[in-house]
Amino acid sequence: YDQGQRRRFKECYKAAVESYEQSDYRAALYAFEQCIDLIEKKGLFAGEQSSDLRYAVATDIRSMVYSGHGDTLNYGFSDLAAASASYRKALACQPGDKMLSFQYVEALHEQGRYREGIAVVAVLQGLGNRDVDVLLMLANLCWRAGEGAVALKYALECIGHNQGRDYQLDIWIRDPEYYLSAHSLLGEITESGWELSLIHI
């Protein structure tokens, strides 16, 4: 690639990050869009893992640009639809990335696009991710999408995966945040008419 283009990209990316950190969202948006212009029109970093930049560590720099652009639109301008499009591009650069998936899904959730969110999280689940983040997000999305039975299943799985027995102390060890969130969702589901029947927590 033209070294001048790389230099310009580094300058724009640095300016974008600094502006975002200072809450100067208009300047950040402009700088991120300059980076995107170089990526999309000049093909910069296409198909390469870029660890040579100070701001990228063993990742696809394009995903960081689109993610930052999405955050700027989301938190700076409350434009969730445009932010979702940027998050989707970020995820396309690094399919299956958990952090990028959750950024995208949270934006979809805020727009009531629950089934799209379920499809994104299902990819993570298919990659073998059965952690509490994935399970709790699936439970919430399924519940909002009107799939109470499936939501109940994932909420209970979340609780099950979130606790382990300390046999020396003879107590259950739980992460309070996840445990309480899952229990709160269970309460919401059952209060609406869904029955736990024979399931014991």
Side-chain angles (χ1 to χ4, degrees), residues 1-124 127 129 131-134 136-138 140-141 144-145 177-178 181:
Y1 296 111
D2 184 304
Q3 289 304 309
Q5 291 177 2
R6 281 184 177 262
R7 256 193 321 273
R8 184 176 166 225
F9 180 89
K10 287 184 180 183
E11 290 168 0
C12 290
Y13 188 71
K14 181 180 178 183
V17 171
E18 289 177 351
S19 296
Y20 182 84
E21 289 174 348
Q22 294 164 11
S23 300
D24 185 351
Y25 298 117
R26 196 161 299 282
L29 186 63
Y30 176 78
F32 275 125
E33 287 177 349
Q34 295 298 300
C35 292
I36 289 171
D37 189 64
L38 286 165
I39 289 169
E40 295 184 351
K41 293 184 179 176
K42 303 296 182 183
L44 211 55
F45 307 117
E48 69 175 83
Q49 292 251 312
S50 303
S51 58
D52 61 319
L53 297 169
R54 281 197 308 151
Y55 307 98
V57 181
T59 189
D60 189 323
I61 188 65
R62 297 171 302 168
S63 69
M64 296 179 72
V65 170
Y66 287 120
S67 174
H69 187 248
D71 284 346
T72 304
L73 289 163
N74 188 353
Y75 303 111
F77 296 93
S78 300
D79 190 343
L80 283 165
S84 297
S86 289
Y87 291 146
R88 184 171 61 250
K89 288 182 180 180
L91 189 57
C93 294
Q94 285 187 245
D97 182 271
K98 182 177 167 181
M99 185 193 76
L100 295 174
S101 297
F102 277 24
Q103 273 185 310
Y104 183 28
V105 170
E106 284 171 6
L108 293 173
H109 185 281
E110 289 299 309
Q111 298 169 79
R113 296 161 63 182
Y114 307 123
R115 295 197 182 280
E116 290 176 68
I118 290 169
V120 175
V121 183
V123 171
L124 287 179
L127 294 172
N129 286 294
D131 62 31
V132 289
D133 287 313
V134 171
L136 187 57
M137 184 159 277
L138 274 171
N140 276 295
L141 287 165
R144 303 302 168 211
E177 182 180 347
Y178 290 108
S181 293

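None of the values given here were measured: they were computed from a predicted structure.
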Heavy-atom pair of closest approach, residues [X] and [Y]:
X	Y	value
C93	D60	O-OD2, 3.6 Å
S67	Y87	O-CE2, 3.6 Å
D133	K98	OD2-NZ, 2.9 Å
R62	L44	CD-O, 4.0 Å
C12	A31	O-CB, 3.5 Å
V65	C35	CG1-CB, 3.8 Å

Before giving the answer on side-chain contact (heavy atoms from CB on, under 4.5 Å), spell out for Q34 and R8 the whole-Å C-alpha distance, their side-chain angles and the decisive distance to 0.1 Å.
CA-CA 9 Å; Q34 295 298 300; R8 184 176 166 225; 2.6 Å; yes
A107 backbone acceptor or donor facing Q111 side chain under 3.5 Å:
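Yes, because the side chain of Q111 sits within donor-acceptor range (under 3.5 Å) of the backbone of A107.
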Does L136 offer a backbone N or O that forms a donor-acceptor pair with the side chain of N140 under 3.5 Å?
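Confirmed, N140 side chain pairs with L136 backbone.
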I need the [X] [atom1] to [Y] [atom2] distance, nearest 0.5 Å.
X	Y	atom1	atom2	answer
S23	Y20	OG	OH	8.0 Å
K41	I36	NZ	CD1	11.5 Å
K10	L38	NZ	CG	13.0 Å
R6	Q3	CZ	CD	6.0 Å
I118	M137	CD1	CE	11.5 Å

Flag side-chain contact, heavy atom, 4.5 Å: [X] against [Y]:
X	Y	result
S84	L108	yes
R26	Y30	no
S101	V123	no
H69	T72	no
D97	S63	no
V17	E21	yes
Y66	L100	no

Pairs meeting criterion salt bridge (charged side-chain N to carboxylate O under 4.0 Å, His left out) with involvement of residues 63-92, two or more places apart
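Sorted result for residues 63-92: E40-K89.
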Does the ring pair (Phe, Tyr, Trp, His ring centres under 6.0 Å) test come out yes or no for F9 and F45, once each step is laid out?
CA-CA 10 Å; F9 180 89; F45 307 117; 4.8 Å; yes
Y114: partners by ring-ring contact (aromatic ring centres under 6.0 Å, His included), with sequence neighbours left out
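Y114: ring-ring contact (aromatic ring centres under 6.0 Å, His included) contacts with H109.
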Determine, step by step, whether F102 and V134 satisfy the side-chain contact (heavy atoms from CB on, under 4.5 Å) criterion, reporting the C-alpha distance in whole Å, the side-chain angles of both residues, the deciding distance to 0.1 Å, and the verdict.
CA-CA 9 Å; F102 277 24; V134 171; 4.2 Å; yes
